[in-house]
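The structure under discussion appears below in the form of structure tokens.
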Amino acid sequence: MKKIIYILFAAAFIAAAADSSAQTKSFKLGQWSEIQNSIIKELNRSYVDSLPVDRIMRAGIDQMLESLDPYTVYIPEDENEDFQMLLSKTYGGIGAIIHKKKEANVVINEPYINSPAYKAGLVCGDEIISIDGFPTVGLEAAESSDRMKGKPGTTVVFKVKKVHTGDTLDIPIVRERIHLPDVEYVGMLDDTTGYILQSGFTDGVANEIKNGYNKLKAKGMKRLVLDLRGNGGGLMNEAINIVSLFVPKGSMVVSSKGLDPESQREYRTTMDPIDTEIPIIVMVDSGSASSSEIVSGAIQDLDRGTIMGKRTYGKGLVQSVRPVAYNGQLKVTTAKYYTPSGRCVQAIDYSRRNEDGSVGHIPDSLTKEFKTLNGRTVRDGGGIIPDVEIPSKSYSRLVYSLVLNGIIDSYVLDYVRNHKTIAPLDEFHFSDADFEDFIEFAKKQEFDYRSSAKALFDQMKLELEKDGIAESMESEIKALEKALEMDKEKFIRLKKDEIIPFIEEEIAVRYYYQEAGVQVRLRYDDQLKKALESPLAV
């Protein structure tokens, strides 16, 4: 009897505590709301200048959400279109990447194959003088792009100066719904190895993977490489559908757990697979996140394939989109997800992240062991650790500077103006003579060409000056500075082997469109080549 009374008392105490906790939470939320309203009213009454309400409101919301996690964000009504573009990779427009300097016309940089721009005969190097009669000189790139976009089915008229003839033409183009594909390339790497490059997880990508598989199988594929490097993720259901293609129906793919009981779910495959036997290699790196980690984690835990490359990003948080006042939206973190073995993919410590945001080193003492379907040991701690770790290629600071400052992009536009055609893709290579031409072009451009060592030295020199000890070390500083100095041309020549693949890829895209760029990239993909040579790459 005493035991029953104790249990009833404990249950009542817990219920009362829970009710008290809920009341405390509600009270604090109400208190916070009153304080905020009070501050805003007082600012509106007393602040010395006109109150920038829109700016402080947005700043307040953003800072509040940022304190929770990096993925909970507010999307006001005027940003909904951009948000939908991010989710679906679709927009209404002509289907082209543009190059724009404010004092110059818009230049077509990269039309998408079979897009309205492509059908209208626009090619790289064509200049857009006006858009619906509005001159493009003086416009910013974003404004130019906005004028080119519009509702599918509507017409936009360009005045175009053709790159190779110099003719000026009025070209009307009917806008279409442009979808940037998640499956960027499907092809055979050799007689038996099929390759699929997947860059996202928007609606329908699992069906694209299925079609790609069937295409490769018809060409004699005996093993499949699914490349998820740099794939930041997207829709969870598409990740589940992709795993469904290669594992038995009813297999666990992922589970989620959150505060809301509805978020605590197990997700299993519901479709019949297309192939449960073909060897699969999944390539990942520190840019593989979210849905990429669901796929790679499930394939690993179910012992269905071999994960190769570098540890993945470590984003195991589930976001849901909720409507809020005035047609805004809140993308809010509602749960964490777990691989079939029970591992949480989310990094256990935000502070232990690399510069790119991916998972840093986590000591084994802070992680737990889990078992795959066949009993192999895997660990948590954040991200998916590959079965075969293969370092990715690193690039010099110079190469990043050439790319980010648009030097290579600008050079390629000049190259296209001077070369109406190039050799077939299989035969095309950027020659030594071409590289000399690039050097002459780059030498005339303004950009930061310092080595990483020189950039660090310059920072160290500033710190020494702040500390007041630079003068006492003047001779040593000058000697080191002289040793680190390297002129622009010399440094570019030194990094020739790093630079040429980037130029070749950009040129190939301009003449043979997006898939050609992937094919050139594969020529130089040492990480993938090592993966295919691995004893586990059966």
Side-chain angles (χ1 to χ4, degrees), residues 69-71 182 196-202 205-206 209 225-247 251-258 263 265-269 280-320 333-350 352-354 356-362 367-368 370 372-373 376 378-390 392:
D69 67 60
Y71 313 110
D182 284 325
I196 298 176
L197 173 61
Q198 183 189 342
S199 60
F201 283 86
T202 57
V205 67
I209 297 290
V225 176
L226 178 61
D227 194 342
L228 298 179
R229 289 174 295 178
N231 187 326
L235 300 176
M236 179 191 287
N237 66 296
E238 290 297 331
I240 296 165
N241 290 340
I242 288 171
V243 177
S244 297
L245 299 174
F246 303 109
V247 301
S251 299
M252 165 81 84
V253 177
V254 65
S255 61
S256 65
K257 299 175 186 177
S263 69
R265 295 183 57 186
E266 290 185 353
Y267 298 87
R268 295 179 177 271
T269 60
I280 299 173
I281 297 169
V282 181
M283 297 295 299
V284 295
D285 64 10
S286 63
S288 306
S290 185
S291 293
S292 289
E293 294 171 300
I294 291 176
V295 172
S296 53
I299 293 293
Q300 186 178 60
D301 282 0
L302 299 174
D303 289 304
R304 181 59 189 88
T306 306
I307 313 303
M308 299 193 185
K310 295 293 290 179
R311 187 175 194 153
T312 62
Y313 184 86
K315 180 184 180 295
L317 302 176
V318 179
Q319 277 79 49
S320 301
T333 299
T334 53
K336 291 182 179 180
Y337 66 73
Y338 299 78
T339 69
S341 68
R343 290 179 290 166
C344 181
V345 176
Q346 180 62 28
I348 60 176
D349 186 350
Y350 275 117
R352 296 178 185 270
R353 285 191 176 272
N354 299 317
D356 64 357
S358 60
V359 182
H361 174 69
I362 305 292
T367 66
K368 296 178 183 178
F370 296 82
T372 68
L373 187 65
R376 292 188 303 120
V378 289
R379 307 189 78 95
D380 67 358
I384 302 299
I385 301 172
D387 302 306
V388 180
E389 291 204 56
I390 306 171
S392 53

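These numbers were taken from a predicted model, which means no experiment stands behind them.
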query: Roughly how far, to the nearest 0.5 Å, is CG of Asp69 from CG of Leu317?
result: 6.0 Å
Minimum side-chain heavy-atom gap Tyr313-Ser292 below 4.5 Å: no
- request: Could you pull out the closest heavy-atom pair between Ser341 and Phe370, with the gap in Å?
  value: O-CD2, 3.2 Å
Any Val295 side-chain heavy atom under 4.5 Å of Leu228 side chain: yes
message: Just to verify, what does Arg376 make a salt bridge (charged side-chain N to carboxylate O under 4.0 Å, His left out) with, not counting sequence neighbours?
response: Asp303, Asp387
Pro340 side chain reached by Leu373 side chain, heavy atoms, under 4.5 Å: no
- prompt: Closest approach of Thr334 and Ser320, non-hydrogen atoms and distance?
  reply: OG1-OG, 3.2 Å
Ser392 and Asp285 side chains, donor-acceptor separation under 3.5 Å: no
task: Give a yes or no on whether the backbone of Val318 and the side-chain of Thr333 come within a donor-acceptor separation of less than 3.5 Å.
output: no
- line: In terms of heavy-atom contacts, Ser296 and Thr312 come closest through OG-CG2, 4.4 Å
- prompt: Is the backbone of Lys315 close enough, under 3.5 Å, to the side chain of Glu293 for a donor and an acceptor to pair up by distance?
  reply: yes
- request: Kindly give the heavy-atom pair with the smallest separation between Gly305 and Ile299, and that separation in Å.
  value: N-CG2, 3.4 Å
message: Measuring from atom CZ of Arg229 to atom CE of Met308, what distance do you get when rounded to the nearest 0.5 angstrom?
response: 12.0 Å
field: Expected output: side-chain Ser290 to main-chain Gly232 donor-acceptor under 3.5 Å
entry: no
query: Roughly how far apart are Asp380 CG and Tyr338 OH, rounded to 0.5 Å?
result: 10.0 Å
query: Atom CD of Gln198 and atom CD1 of Ile209: how far apart are they, to the nearest 0.5 Å?
result: 4.0 Å
field: Step-by-step side chain to side chain contact (heavy atoms under 4.5 Å, CB included) determination, Thr269 to Ser251
entry: CA-CA 5 Å; Thr269 60; Ser251 299; 4.0 Å; yes
- prompt: Just wondering, do Val345 and Ile384 contact through their side chains at under 4.5 Å, heavy atoms?
  reply: yes
- prompt: Less than 4.5 Å apart, any side-chain heavy atom of Phe201 and any of Ile294?
  reply: no
- prompt: For Arg304, which residues count as a salt bridge (charged side-chain N to carboxylate O under 4.0 Å, His left out) partner, sequence neighbours excluded?
  reply: none
message: If we ignore hydrogens and angles and just use 3.5 Å, is the side chain of Glu238 paired with the main-chain N or O of Ala206 as donor and acceptor?
response: yes
query: Distance from Met283 atom CE to Lys310 atom NZ, nearest 0.5 Å?
result: 11.5 Å
message: Looking at every heavy atom in both Gly309 and Pro386, which two are closest together, and how far apart are they?
response: O-CG, 3.5 Å
message: Using 0.5 Å steps for rounding, measure from the CG atom of Leu197 to the CG atom of Asn231.
response: 8.5 Å
message: Considering only residues two or more places apart or on different chains, which pairs with a residue in residues 333-345 satisfy salt bridge (charged side-chain N to carboxylate O under 4.0 Å, His left out)?
response: Asp301-Arg343
query: Does any N or O in the side chain of Ser291 come within less than 3.5 Å of the main-chain N or O of Ala239, such that one atom is a donor and the other an acceptor?
result: no
